[in-house]
Amino acid sequence: MDLKEVGWACYSPAQSNNTSYGRVALANRERFVVWTSQGELEANISGHFRHTRTDFPCVGDWVEIRDANIITEVLPRRTKLSRKEPGKAMREQVLAANMDVLFIVSGLDRDYNPRRLERYLVLAYESGARPVILLNKADLHDDVSDFVLRTRQHAPGVPVLTVSALCGWGLDLVPGQMSFGETGALIGSSGAGKSTILNRLLGRDMQATTPVREADSKGRHTTTQRQLVRMPGGWLLMDLPGLRELQLWADPEQVGTVFCEISDLAQNCKFRDCTHQHEPGCAVRGAGLDEDRVASYRKLQKELAYLERQADPHSARADRKKWNALEKNMRLHPKRMT
């Protein structure tokens, strides 16, 4: 197998007689299928790796393999798709790595949700991959222009493609977003049609598909493992399971990238920490922006700022110290503070 055909680029590690390199094509718990120059093989992580590392290999990773098909190292990731690990732990969960394009799939049924699209876009920009939005199930509507317009308002500058995986409409535009050796990934909620899109693009049924519930347009998880697939035309595509919990793991500045029209106006606010709610001299309030979008901007900023504080105990302590000092000052000088 020519590793250039499966995305090998930008790497020139020193090799030895008992070391080889490959790309993780399937990751399922601690079972890994790896593509190498000698072909496809199953590999496990070394005991040392298991007990000293928390960032286990994920689909798309380039890994170092030693004797007996043992993964001993993960090479630096060019891009990575992460979320906060489900539960109370403040840890990053890497879902996929080294993808060039992130295809955000939204069904044009009850699955369509601009707020969810905004969250996916924050993850996409944080990942380092190029976002592309696929509005699937276009066959459900005679005219989808309103959906396209709304989506472009919520995703400025992001390509928006309308497709129907069921009927095959518009899917010929998807490969045009890719170059030889590049990797794309399909993300979206369960029932959005990711597996059907993969099957159509591949030209055969590789992933099982199930119909969504008519009551709420939700589907079961038909994709249960993260897998990399070689596509006609020399590019690669990951089909990722639908995310039940879309907890962000990103730099708060990425919110400004998604909400660029709001962040640009915010530069002119009188106060640097303006919340755009009641402060005097706010440049965002009264600018005629969509109130729901402004509220979403504030919510995501607050969520990521909280995550940053919790992940950094020193920052959290400094923040608590500041507010404690303000509260104490208010108690000592109530008239001055009113």
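Along the sequence shown, the residues carry numbers beginning at 1. For clarity, every value in this text was computed on a predicted model and none was experimentally measured. Basis for what follows: all heavy atoms, side chains included, without hydrogens, waters or symmetry-related copies.
- Side-chain atoms of Ser195 and Asp239 form a donor-acceptor pair, as typed in the model, at a separation below 3.5 Å.
- With contacts defined as side-chain heavy-atom distances shorter than 4.5 Å, the pair Val258/Tyr297 does not qualify.
- Side chains of Glu303 and Leu248 form a contact here, defined as non-hydrogen atoms less than 4.5 Å apart.
- A donor-acceptor pair under 3.5 Å is formed between the side chain of Asn136 and the backbone N or O of Ala192.
- Looking at Pro252 and Glu308, their side chains come closer than 4.5 Å, going by heavy atoms from C-beta outward.
- Across every non-hydrogen atom of Pro156 and Arg293, the tightest pair is CD-NH2, 4.0 Å.
- Side-chain contact between Ile133 and Leu161: absent, with no pair of heavy atoms (C-beta onward) separated by less than 4.5 Å.
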**OP:** Before giving the answer on side-chain hydrogen bond (donor to acceptor under 3.5 Å, both in side chains), spell out for Glu182 and Trp235 the whole-Å C-alpha distance, their side-chain angles and the decisive distance to 0.1 Å.
**Re:** CA-CA 5 Å; Glu182 285 193 330; Trp235 56 288; over 6 Å; no
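- In Glu5, the CD atom is crowded: over 12 heavy atoms of neighbouring residues, nucleotides or ligands sit closer than 6.0 Å.
- A 4.5 Å side-chain heavy-atom check between Leu236 and Met231 finds every atom pair outside the cut-off.
- Rounded to the nearest 0.5 Å, atoms CH2 (Trp35) and CD (Glu40) are 7.5 Å apart.
- The existence of a salt bridge linking Lys270 and Glu279 is excluded, since no basic side-chain nitrogen approaches an acidic carboxylate oxygen closer than 4.0 Å.
- The shortest side-chain heavy-atom distance between Val63 and Glu73 does not fall under the 4.5 Å cut-off.
- Note on ring orientation: taking the six-membered ring where Trp is involved, the planes of Trp62 and Trp8 are perpendicular (angle over 60°, cut-offs 30° and 60°).
- Below 30°, between 30° and 60°, or above 60°: for Tyr112 and Phe147 the angle between ring planes is above 60°, a perpendicular geometry.
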Original post:
Passes salt bridge (Lys or Arg N to Asp or Glu O under 4.0 Å), Lys80 versus Glu92? Steps please.
Top reply: CA-CA 11 Å; Lys80 61 178 180 177; Glu92 176 185 19; 3.1 Å; yes
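- When all heavy atoms of Gly60 and Arg23 are compared, the closest pair comes out as O-NE, 3.0 Å.
- Asp111 and Arg116 make their closest contact through O-NH1, 2.7 Å (heavy atoms, listed as atom of the first residue, atom of the second, distance).
- Val132 is not listed as a side-chain neighbour of Leu102, based on a closest heavy-atom distance of 4.5 Å or more.
- A salt bridge links Asp55 to Arg53: at least one charged side-chain nitrogen sits closer than 4.0 Å to a carboxylate oxygen.
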**OP:** Check step by step if salt bridge (Lys or Arg N to Asp or Glu O under 4.0 Å) holds for Asp100 and Arg130.
**Re:** CA-CA 6 Å; Asp100 301 280; Arg130 306 190 304 271; 5.3 Å; no
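- Contact annotation: the side chain of Leu265 approaches that of Leu289 to within less than 4.5 Å [non-hydrogen atoms, C-beta and beyond].
- Counting all heavy atoms, side chain and backbone alike, Leu201 lies closest to Pro175 at CD2-CD, 4.3 Å.
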